[in-house]
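A quick write-up on the structure given underneath.
Just so it is clear, the model here is predicted, and its values are computed rather than measured. Only heavy atoms go into these numbers, but all of them, side chains included; no hydrogens, no water, no symmetry mates. Below, chain A is the first sequence line, B the second, and so on; all start at residue 1.
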2 protein chains.
Amino acid sequence: MLSKSAEYALRATIYIALKGSEDNKLGIDEIATAIDSPQSFTAKILQLLTKNNGVVSSVRGPNGGFYLTDAARKLPVRAVLEAVGEDGIITKCVLGLKECSESRPCPMHEQYRYIKAQLRQMFEKTTIQDLANESGKGKIVINNRQIKTK
Amino acid sequence: MLSKSAEYALRATIYIALKGSEDNKLGIDEIATAIDSPQSFTAKILQLLTKNNGVVSSVRGPNGGFYLTDAARKLPVRAVLEAVGEDGIITKCVLGLKECSESRPCPMHEQYRYIKAQLRQMFEKTTIQDLANESGKGKIVINNRQIKTK
DNA sequence: ATAAATAAAGACTATTTTATCTTTTTTCAA
DNA sequence: TTGAAAAAAGATAAAATAGTCTTTATTTAT
Ligand code: FES
Ligand code: FES
């Protein structure tokens, strides 16, 4: 479905939205641990997210780290996918034809178009903050470990 | 979305369903040309489809080639995905968590579950023959070339 | 029986994706 | 103004996917 890069990008962004802020920046070690992802690889992905679409903000040095601006929180989830070059899921043909269109539909197009429209809707209408809110709820999880009993 | 293997597998299967039969078996060269796929690689994929789930049938030697049995035509499209090990699209978590369940949902689960259900429905309720029928209609295409003006 | 046609099998190569490690730059605090 | 903390940048490595090529086995027709 999505690449590892996209999965880590989404999980990391959600975690930063949930736990970080301009005066509580999060370090790469904390983030990678929190979302069960390889640290150095996640660092690369966060670089992409800071460079593209302004999804994530960062500052270096002591007390530096990653956080989201208020504007970033309002971005659609699609902005995260785009930042890591993974929005093909809502643009491409399910059978891999070079274009997906009504004028040259593949045999699955008629059925898939509705699903594709819903995927697009989901990724475009949902904001990063929406996911963070969701994530704040009771049993919602973002990693592969046991639910925190706290 | 899907791997190249899965895309070629679907396109090849549809083409064989459409043009082949027990007494008109299709050669790998014809198939690969018809669906715009790399020939040797497509051959490998057809091997998988003949070994797994009985999706495709084949015979070697002169007048040999690939075709679909009547039983195969009635298989759900999912059988093709399974045969190439690509049914994760209807089983896995969109954020890459190890399990997707109501008891440990990720922040996108609530929204994605409906889409996932529709994907499953599409791949399980649609048969290979259904796609071939679709493909027989006017403008439906299965490769990247111009529409045959005939 | 032999030769030709064909898929199957296996070995190999190339490319992309995933992941790690090292060095550099920036920032802050002492 | 120096040292440490952090991300950025860059180089490298490993693994997975995509793709090719060669050899073998099977089948058919002569
Ligand atoms: S053309 Fe294949 S999904 Fe639209
Ligand atoms: S848990 Fe993520 S989609 Fe179900």
Side-chain angles (χ1 to χ4, degrees), chain A residues 1-13 15-16 20 22-33 35-52 54-68 81 83-86 88-89 92 96, chain B residues 1-13 15-16 20 22-33 35-52 54-68 81 83-86 88-89 92 96:
Chain A
M1 188 73 160
L2 293 175
S3 65
K4 285 290 169 195
S5 294
E7 292 171 356
Y8 298 151
L10 290 168
R11 304 221 300 265
T13 302
Y15 181 77
I16 298 169
E22 184 140 15
D23 45 57
N24 181 32
K25 310 193 188 78
L26 309 178
I28 183 60
D29 47 344
E30 173 181 353
I31 296 166
T33 299
I35 66 171
D36 275 349
S37 66
Q39 184 172 116
S40 296
F41 189 48
T42 307
K44 286 288 179 211
I45 291 164
L46 287 178
Q47 281 183 46
L48 285 177
L49 293 174
T50 57
K51 267 194 286 208
N52 305 127
V55 176
V56 170
S57 302
S58 70
V59 305
R60 317 195 221 195
N63 296 314
F66 300 93
Y67 67 98
L68 296 196
L81 297 183
V84 296
E86 273 289 322
I89 192 178
K92 297 211 215 143
Chain B
M1 187 69 160
L2 295 174
S3 65
K4 285 293 170 194
S5 295
E7 291 171 356
Y8 298 151
L10 290 168
R11 305 222 298 266
T13 302
Y15 181 76
I16 297 169
E22 185 139 15
D23 44 56
N24 181 33
K25 308 193 191 76
L26 308 178
I28 182 60
D29 45 346
E30 173 182 353
I31 297 167
T33 299
I35 67 171
D36 275 348
S37 66
Q39 184 172 116
S40 296
F41 190 47
T42 307
K44 286 288 180 206
I45 292 163
L46 287 178
Q47 281 183 46
L48 285 177
L49 293 173
T50 58
K51 268 194 289 205
N52 304 127
V55 176
V56 170
S57 302
S58 70
V59 306
R60 317 195 223 195
N63 297 313
F66 300 93
Y67 66 99
L68 296 196
L81 298 183
V84 297
E86 273 288 324
I89 191 177
K92 298 210 216 146

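Legend: residues meeting side chain to side chain donor-acceptor pair (under 3.5 Å) with A:Glu22, ordered by chain and number and at least two apart, are absent. Partners of B:Lys4 by salt bridge (charged side-chain N to carboxylate O under 4.0 Å, His left out), not counting sequence neighbours, listed by chain and number: B:Glu7. By the side chain to side chain donor-acceptor pair (under 3.5 Å) test, A:Asn63 pairs with no residue at all, sequence neighbours left out. B:Asn24 pairs by the side chain to side chain contact (heavy atoms under 4.5 Å, CB included) definition with B:Ser21, B:Leu26, not counting sequence neighbours. Every residue two or more places apart in sequence or in another chain was checked for a salt bridge (charged side-chain N to carboxylate O under 4.0 Å, His left out) with A:Asp29, and none qualifies. Residues forming a side chain to side chain contact (heavy atoms under 4.5 Å, CB included) with A:Lys25 (at least two apart in sequence, or on another chain): A:Val59, A:Tyr67. Listed by chain and number, the residues in a side chain to side chain contact (heavy atoms under 4.5 Å, CB included) with A:Leu48 are A:Asn52, A:Val84 (sequence neighbours excluded). Legend: residues meeting side chain to side chain donor-acceptor pair (under 3.5 Å) with A:Ser37, ordered by chain and number and at least two apart, are A:Thr42. Legend: residues meeting ring-ring contact (aromatic ring centres under 6.0 Å, His included) with A:Tyr8, ordered by chain and number and at least two apart, are A:Phe41.
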Checklist entry - Quick one: what's the B/S/- string for nucleotides 8-17 of chain D, heavy-atom cutoff under 4.0 Å, read 5' to 3'? => result BBBB------
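In summary, contact between chain B and DNA chain C, defined as any nucleotide atom under 4.0 Å from a heavy atom of the protein, begins and ends at C:dA4 to C:dA11 in the 5' to 3' direction.
For the residue pair A:Arg11 and A:Ile35, the shortest heavy atom distance occurs at NH2-O, 2.6 Å.
Of the residues in residues 24-33 of chain B, those placing a heavy atom less than 4.0 Å from an atom of DNA chain C are B:Leu26, B:Gly27, B:Ile28, in numerical order.
Contact annotation: B:Asn63 reaches the phosphate of D:dA29 (side-chain N/O to OP1 or OP2, under 4.0 Å).
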